[in-house]
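Accompanying notes for the structure given below.
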Amino acid sequence: MKALWGGRFKKEMHPLLKEFSYSLNVDWELFDAEIAVDIAWAKMLGHIGIITQDESAKLVNGLKAISKELQPVDPNAPFEDVHTLIQTHLEKKIGNVAKKIHTGRSRNDLVVTSTRIYLKQKISEIDAALKKTETALLHTAQKAGDGIVAGVTHLRKAQPILLAHHLLAYVAMLDEDRSRLNDLLKRVDVLPLGSAALAGSSLPIDQKFLAKELSFSKIAGNSLAAVSDRGFLTEFLSDLAILWVHLSRLSEDFILWNSEFFNYVEIDDAFATGSSLMPQKKNPDVFELIRGRTGSIFGHLQALLTVQKGLPLSYNRDLQEDKPAVFDAARKTKLALEILSETLSTISFNKEAFKKSVAEDHLFSTDLLEYLVRKKVPFSEAHETVGKIVRHAEEAGKNLSQLPVKIWQQFSEYFESDVLDLFKPETSVEAKKTKGSTNPTFVKAERTKWEKALK
Ligand code: ARG
């Protein structure tokens with residue numbers, strides 16, 4: 001195979017260097033984007049008259065033909081990279097005129113242009129997959145209905161909450177992730193072509209023409225930054241790292257809820273796995289794999305940051321190492337969101353376990369505190385009083401709701417017989433008044449909001 005740069009070399013490349021440096025096994029994923037760039041480039045060269053219209057048409061037709069013939073691209077074909085693969089096949093297909101396609105450009109500007117096109121496509125695919133996951137979560141919240149569970153902080157029972165409220169928290173978090181990815185689009189939407197290897201071109205390259213053909217709304221303002229900065233990819237991996245934090249936390253919650261200790265959810269058999277030794281086991285591997293795979297996404301971000309630090313401007317071959325990280329993260333993200341949507345859609349709830357979780361009087365301590373505050377007892381004093389009652393009940397080996405009103409009044413004169421009405425999960429959640437709270441009316445309104453937004 002002939003390289004795109006052989007002229008000044010007397011010797012063939014050492015086979016080890018080939019193995020070490022060739023990148024087709026990774027950058028074949030840019031094939032479609034690269035063909036699109038090449039077609040736009042061939043048209044532009046004809047448009048500015050640096051090649052004839054006839055040559056331009058030959059290039060375009062040749063590119064269209066090999067684009068079909070080379071699919072599916074063989075990642076192990078013996079070519080240095082995707083650029084060389086295309087150039088070589090184009091020469092075979094249409095002969096010498098193919099040698100004009102690379103006029104006025106370098107692989108430095110080419111690879112980053114194709115990567116930007118690839119990334120726009122991946123952002124849109126991940127956006128769609130995220131929307132599907134949000135919709136699945138919303139359906140799960142509908143199934144949970146008004147079911148109340150013990151909300152936890154520090155994994156200790158805190159206050160009653162709607163399980164639907166907990167699920168909608170993840171809809172809100174994933175929706176923020178979606179908007180972060182969409183914000184990034186405006187920084188991806190910059191055309192690097194015309195930068196050539198680093199300094200720009202003395203040929204009359206028509207960048208506006210190219211931007212229009214390739215749907216870029218801006219042209220890079222600095223050729224050195226255009227070929228050598230990977231801020232847009234770093235931001236993509238940062239956005240994915242944040243998204244995976246959310247996916248991992250969601251997974252952890254489902255793993256807990258699926259455990260015998262919580263027992264809130266049942267995973268459909270099609271999305272669970274067994275044990276080779278213990279016949280009774282049914283395990284939540286989808287959630288565990290998401291939680292585990294989060295590690296490799298963080299690793300990719302760390303790798304990309306480290307690859308760039310200390311690189312002198314402009315292009316350095318180190319930058320080739322951006323693609324394995326970005327491609328793998330994009331692939332893993334899409335797949336994880338797809339399996340998560342399916343798994344969530346088939347989950348069922350064990351509402352008896354919900355009830356068990358809230359059958360505990362301590363959960364209403366904050367309601368007791370706010371009862372006193374409504375009667376104008378200073379907050380800290382009320383806190384102290386309820387704390388003392390909790391301790392008293394514990395020492396007496398009783399539940400709070402078993403204490404007679406007489407005892408309550410020994411701790412505060414403001415307690416009346418209605419204090420005993422507070423020990424109901426429904427009363428507790430319905431008492432919440434703030435926007436965003438777990439009050440069933442607000443939770444229902446949130447559900448309706450998301451139903452509309454995700455339509
Ligand atoms: N494979 C390279 C990359 O991914 C393409 C650009 C190579 N440029 C060069 N001068 N060797 O960055």
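The structure presented is a predicted model; accordingly, all values stated were derived computationally and were not measured. Throughout, residue positions are numbered sequentially from 1 according to the sequence presented.
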Would you say the side-chain atoms of S345 pair up with the backbone N or O of S341, donor to acceptor, closer than 3.5 Å? yes
At their closest point, which heavy atom of S114 faces which heavy atom of E34, and how far apart are they? OG-OE1, 2.7 Å
Criterion side chain to side chain contact (heavy atoms under 4.5 Å, CB included) on R447 and H165, from CA distance to verdict: CA-CA 9 Å; R447 257 169 43 195; H165 189 212; over 6 Å; no
Could you tell me whether the side chain of W28 and the main chain of V82 form a donor-acceptor pair under 3.5 Å? no
Determine, stepwise, if the pair F298 / V245 fulfils side chain to side chain contact (heavy atoms under 4.5 Å, CB included). CA-CA 9 Å; F298 293 177; V245 169; 3.5 Å; yes
So, is the end of the R116 side chain (NZ or CZ) under 6.0 Å from the ring centre of F216 and within 45° of the ring's axis? no
Please examine the side chains of F236 and I126, heavy atoms only from C-beta on, and report whether any two atoms are closer than 4.5 Å. yes
Which heavy atom in A98 sits nearest to a heavy atom in Q87, and how many Å separate them? O-NE2, 3.2 Å
Basic-acidic side-chain contact under 4.0 Å: E252, R249: no
Could you check whether any side-chain heavy atom of V390 comes within less than 4.5 Å of a side-chain heavy atom of H362, counting everything from C-beta outward? yes
Minimal heavy-atom distance between H383 and L369, with the atoms involved, is N-CD1, 3.3 Å
Distance alone, cut at 3.5 Å: any donor-acceptor contact between the side chains of D127 and S124? no
Determine whether the aromatic ring centres of H300 and W244 lie less than 6.0 Å apart. no
Looking at E69, I'd like to know if its CD atom is crowded, meaning that more than 12 non-hydrogen atoms belonging to other residues, nucleotides or ligands lie closer than 6.0 Å. yes
S437 side chain to N439 side chain, donor-acceptor N/O pair below 3.5 angstrom: no
Please find the pair of heavy atoms, one from L311 and one from V307, that lie closest to each other, and give the distance. CG-O, 3.4 Å
Would you find a donor on one side and an acceptor on the other, under 3.5 Å apart, between the side chain of N316 and the backbone of D318? no
Would you say that L70 contacts H89 through its side chain, given a criterion of any heavy-atom pair below 4.5 Å between the two side chains? yes
Worked check of side chain to side chain contact (heavy atoms under 4.5 Å, CB included) between H102 and R105: CA-CA 6 Å; H102 210 50; R105 65 183 199 183; 2.9 Å; yes
Q308 side chain to L304 main-chain N or O, any donor-acceptor pair under 3.5 Å? yes
Distance in Å, L63 CG paired with I101 CD1, rounded so as to fall on 0.5 Å steps: 5.0 Å
Does the side chain of N25 come under 3.5 Å of the side chain of N76 through a donor N or O and an acceptor N or O? no
Would you say CD of Q280 has more than 12 non-hydrogen atoms from neighbouring residues, nucleotides or ligands within 6.0 angstrom? yes
Would a line drawn from the ring center of Y264 to the ring center of F354 be shorter than 6.0 Å? yes
Is there a donor-acceptor pair under 3.5 Å between the side chain of S215 and the backbone N or O of A211? no
Count the heavy atoms belonging to other residues, nucleotides or ligands that lie under 6.0 Å from NZ of K351, then report whether that count exceeds 12. yes
Under a 3.5 Å distance rule, please check whether N258 uses its side chain to pair with a backbone N or O of F254 as donor and acceptor. no
Checking side-chain polar atoms at under 3.5 Å, does Q409 have a donor or acceptor matched by the opposite partner on E416? no
Just so I know, are the side chains of L138 and L454 near enough to count as touching, which here means a heavy-atom distance under 4.5 Å? yes
Closest contact, heavy atoms only, A144 versus A164: CB-N, 4.1 Å
Is the distance between the ring centroids of F31 and H83 under 6.0 Å? no
Looking only at the side chains, is there a donor atom on one of Q159 and D367 sitting less than 3.5 Å from an acceptor on the other? no
Take L17 and Y22, measure what side chain to side chain contact (heavy atoms under 4.5 Å, CB included) needs, and give me the verdict at the end. CA-CA 8 Å; L17 179 53; Y22 277 23; over 6 Å; no
Can you tell me how far apart CG (N61) and CG (L90) are? Round to the nearest 0.5 Å. 10.5 Å
Would you say NZ of K356 has more than 12 non-hydrogen atoms from neighbouring residues, nucleotides or ligands within 6.0 angstrom? no
Under a 4.5 Å cut-off applied to non-hydrogen side-chain atoms, are L400 and L368 in contact? yes
Less than 6.0 angstrom separating the ring centers of Y414 and Y371, yes or no? no
Above 12 or not: heavy atoms from other molecules or residues under 6.0 Å from NZ of K388? no
Return yes if some donor-acceptor pair links the side-chain N/O of T346 with the main-chain N/O of E342 below 3.5 Å, else return no. yes
Between R391 and E394, is there a side-chain N and carboxylate O pair less than 4.0 Å apart? no
N/O donor-acceptor pair under 3.5 Å between R317 side chain and S21 backbone: yes
Is the distance from the ring center of F411 to that of H392 below 6.0 Å? yes
Would you find more than 12 non-hydrogen atoms of other residues, nucleotides or ligands less than 6.0 Å from K218 atom NZ? yes
Taking the side chain as C-beta and beyond, is there a heavy-atom pair between L162 and L167 under 4.5 Å? no
Give me the atom names and distance for the closest heavy-atom approach of F287 to I347. CZ-CD1, 4.1 Å
Decide yes or no for Q402 and N399: does some side-chain heavy atom of the first lie under 4.5 Å from some side-chain heavy atom of the second? yes
Between E338 and K132, is the salt bridge (charged side-chain N to carboxylate O under 4.0 Å, His left out) condition met? List the steps. CA-CA 8 Å; E338 273 159 13; K132 227 170 115 189; 5.5 Å; no
Are E134 and K131 close enough for a salt bridge, meaning some N to O gap below 4.0 Å? no
Kindly say whether D81 contributes a backbone atom to a donor-acceptor pair with the side chain of S23 at under 3.5 angstrom? no
Electrostatic pair D322-R230, nearest N-O below 4.0 angstrom: yes
Verify the neighbour count for atom NZ of K375: are there more than 12 heavy atoms of other residues, nucleotides or ligands below 6.0 Å? yes
Measure from the side-chain N and O atoms of N350 to the backbone N and O of N263, and report whether any donor-acceptor pair falls under 3.5 Å. yes
Can E176 and R180 be counted as an ion pair, charged N to O under 4.0 angstrom? yes
Check this for me, if you would: do E29 and R331 make a salt bridge, where the nitrogen-to-carboxylate-oxygen distance has to be below 4.0 angstrom? yes
Counting only heavy atoms not in E426 (residues, nucleotides, ligands), do more than 12 fall under 6.0 Å from its CD? yes
Does the salt bridge (charged side-chain N to carboxylate O under 4.0 Å, His left out) test come out yes or no for K120 and D189, once each step is laid out? CA-CA 8 Å; K120 282 188 192 179; D189 191 21; 2.9 Å; yes
Without hydrogens or angle criteria, can the side chains of Y170 and D253 be said to hold a donor-acceptor pair below 3.5 Å? yes
Looking at side-chain heavy atoms only, is the closest gap between I86 and D38 below 4.5 Å? yes
